[in-house]
Amino acid sequence: MLNNSKWISYPTKQDYTCPVFKKNFTFSKEIKKATLKITSLGCYYAELNGDRIGDFILAPGWTYYKRTQMQEYDITSMLKSENEIRVTLASGWFNGRINIRTRKELPDVYPALICEIEIIYKDNSRKYIYSDENWECALSKITFSDIYDGESYDATYEEKFIPVKVQDYGEFKIVKQQGEIVKEQEIIFPKSIFKTPKGETVIDFGQNMTGYFEISLDAKKGDKVSFSVAEVLDKDGNFYTENYRSAKAKFDYICANGHQVYKPKLCFWGFRYIRVDKFPCEITKDNIKAIVLHSDIKRTGYLNSSSPLLNKLFSNIIWGQKGNFLDVPTDCPQRDERLGWTGDAQVFIKTASYNYNVEKFFDKWLEDLRLEQQREGRIPFCIPQVHDRPGSSTAVWSDASTICPWQIYLTYANKKILARQFKSMCDYIAEIGRITKEKYLWYGCWHFGDWLGLDAPAGSYKGSSNPDIIATIFYAYSVSLVIKAGKVLGKNVSKYEKLYEKILEKGRERFTEFNTQTECVIALYFDFAKDKKAVADKLANMIIENGKKLKTGFVGTPYLLHALSENGYTELAYDLLLQEEFPSWLYSVKQGATTIWEHWDGVNDKGEFWSRDMNSFNHYAFGSVADWVYGVACGIKTVEEKPGFEEIIIAPKPTKKLKWLSAKIETKYGTVSSAWFNEGGKFRYEITTPSPTTIIIDGKEMRVEKGSYVF
Ligand code: BGC
């Protein structure tokens with residue numbers, strides 16, 4: 001691809017200053033079609049005759065560093081008799097501050113561009129314009145750009161064009177666009193502008209989000225605009241940025257003369273509030289609007305209930321997904337991380353795949369996971385890998401390699417992705433076998449553990465669940481997924497079936513007691529516990545003794561309500577879901593959250609912050625509870641033998657604690673919905689299904705064809 005074009009860059013390496021490249025061209029005959037094919041190392045912003053080309057923000061996206069996606073744009077209608085194409089580049093994800101790995105491994109690689117314009121004339125003859133030594137470049141008006149630190153733009157700066165440098169970057173593979181593109185999705189107008197107790201001017205958009213903003217103002221040449229962003233205010237109502245850690249997350253703009261409208265082009269922020277550090281006049285709501293960015297995934301899932309607090313939680317889960325599905329599934333969008341943490345993606349993927357159509361989004365990310373996987377089978381902590389060391393495989397995080405392809409198969413029946421990932425899944429299992437200190441267990445290795453579990457010893461992020469129990473149970477689970485995937489793909493899986501039996505046998509022999517909420521949850525959910533009744537009773541007692549409150553972290557939380565409702569404790573599951581006191585999902589809602597917090601105790605009931613160094617207010621992981629609402633409370637389940645909702649099971653489990661609850665998922669067969677209404681102690685169910693379905697109500701099974709039903 002782009003075989004006749006050359007990689008071009010600015011002659012000297014620019015770390016944070018953005019070069020712009022340009023080429024003028026004309027044509028002689030009537031045009032049928034003109035196409036731009038383009039990609040870059042770093043992020044690009046392309047314009048033709050002053051207009052933006054395409055609507056992919058932060059193109060070409062973020063992939064395994066040795067491959068880059070190429071975009072194709074139809075530019076026919078943008079052409080004039082004389083044309084100027086301009087492309088501005090920023091280090092972006094490729095070698096901005098976010099990417100320790102490329103900064104270390106590839107210190108001599110510059111942000112660079114490669115492209116081709118193909119013009120097809122009406123007589124079918126063709127003209128090509130390639131990126132090559134005949135292009136010119138300059139340092140652009142974007143005088144600083146970094147994903148973590150923000151953007152500076154100088155509208156008064158005059159660009160001085162010089163010849164480009166041609167680079168030999170053949171080692172970077174150019175591939176077709178594979179993922180969803182990131183686009184501007186919605187506009188949010190300021191809710192209020194106010195002065196904090198410290199006297200600072202702050203704009204509140206009323207919603208924590210990911211994106212940027214557009215300013216519009218009249219100014220004199222040299223006037224300055226300067227903004228800082230924040231997710232929350234502190235307990236005194238002052239602007240709080242310490243949880244951004246080293247990410248400066250700033251915006252600085254030097255004005256030209258007259259009226260001007262500007263929005264940043266090559267970076268993004270996670271924010272709800274903007275502090276106006278400098279503005280040429282008193283800022284008003286007319287001067288600014290926020291623009292939400294996320295991957296162009298289509299909304300498919302909707303939850304609704306009679307409880308306003310629960311509805312706010314559902315909304316926060318959606319906003320958590322919007323905020324963190326920005327080309328890759330990230331942990332958070334604001335501080336100096338914003339990384340494709342495998343564990344977070346794995347924990348949330350089921351919910352994510354009901355809320356939105358994420359099939360294409362995960363197609364790309366899983367391809368990168370496969371490519372990043374080390375020769376020995378090791379799955380790095382983050383995909384794309386940005387750390388200088390990939391880290392060893394760790395339970396729950398590296399299990400993204402088996403859990404994610406399987407979930408994409410269940411939700412969308414995508415066998416192609418499963419087939420492509422199958423070797424990666426098997427290699428991962430082999431890697432566990434090599435690194436464990438004891439065969440048939442995953443034993444004695446380093447893990448993140450039940451990350452952010454509330455039973456963590458003081459000063460630690462790791463809940464007190466035994467990491468060897470977690471690792472061994474997930475080892476068995478991942479092997480079970482390899483078996484299922486292998487069967488779907490017609491492979492011989494007898495080796496894995498034996499391995500699974502051995503892990504269960506040895507694991508059950510070794511781990512006979514489950515002493516934390518998370519240990520009990522996973523022992524139940526993954527069918528590891530021999531005496532499930534005893535473990536379920538123990539879990540229920542632990543929760544009740546704790547005031548009907550949870551203690552689970554990343555590992556236990558996604559399965560907590562499932563483990564309870566599958567073992568006779570559905571009402572207790574509802575108690576946890578509807579709990580309003582700390583720690584609970586609705587606690588953060590009552591504290592004013594508009595997204596999902598990283599910590600149960602991000603803000604305590606005195607209004608103090610949990611910590612400054614690990615306290616994101618937009619971390620989707622605990623939002624994984626939505627899959628229980630879709631799949632258990634409303635009861636919409638996929639069928640493994642007929643995935644992608646070709647057949648469905650609907651088995652709602654209602655509660656009298658709510659007046660009504662409803663779930664709806666748009667599948668490729670049509671919309672499936674399940675709602676129940678508590679009518680004076682009796683339940684009425686309204687079910688619509690696009691596929692043959694088994695409806696189970698109060699243990700009574702009914703087989704129905706597609707249609708709408710009331711019970
Ligand atoms: C991230 C998490 C991630 C974790 C690894 C954190 O810094 O924000 O969400 O999974 O590291 O334990």
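As the structure lists them, so they are numbered: ligands from 1, and atoms in each ligand from 1. All values below come from the heavy atoms of this structure, side chains included, with hydrogens, waters and symmetry mates left out. Only a predicted model underlies this, so the values are computations on that prediction, with no experimental measurement involved.
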Test: [X] cationic atom under 6.0 Å from [Y] six-membered ring centre, within 45° of axis:
{"X": "R378", "Y": "Y428", "value": "no"}
{"X": "R510", "Y": "Y443", "value": "yes"}
{"X": "R299", "Y": "Y302", "value": "yes"}

Ring geometry between W397 and F448 (parallel below 30°, tilted from 30 to 60°, perpendicular above 60°): tilted

Whether Y65 side chain and L41 backbone form a donor-acceptor pair below 3.5 Å: no

CD on E598 to OG1 on T595, rounded to 0.5 Å: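 T595 atom OG1 to E598 atom CD measures 11.5 Å (nearest 0.5 Å).
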
Close residues, ligand 1: non-hydrogen atom nearer than 4.0 Å: D331, R335, E337, W341, D344, W397, F448, W451, F554, E598, M614, H619

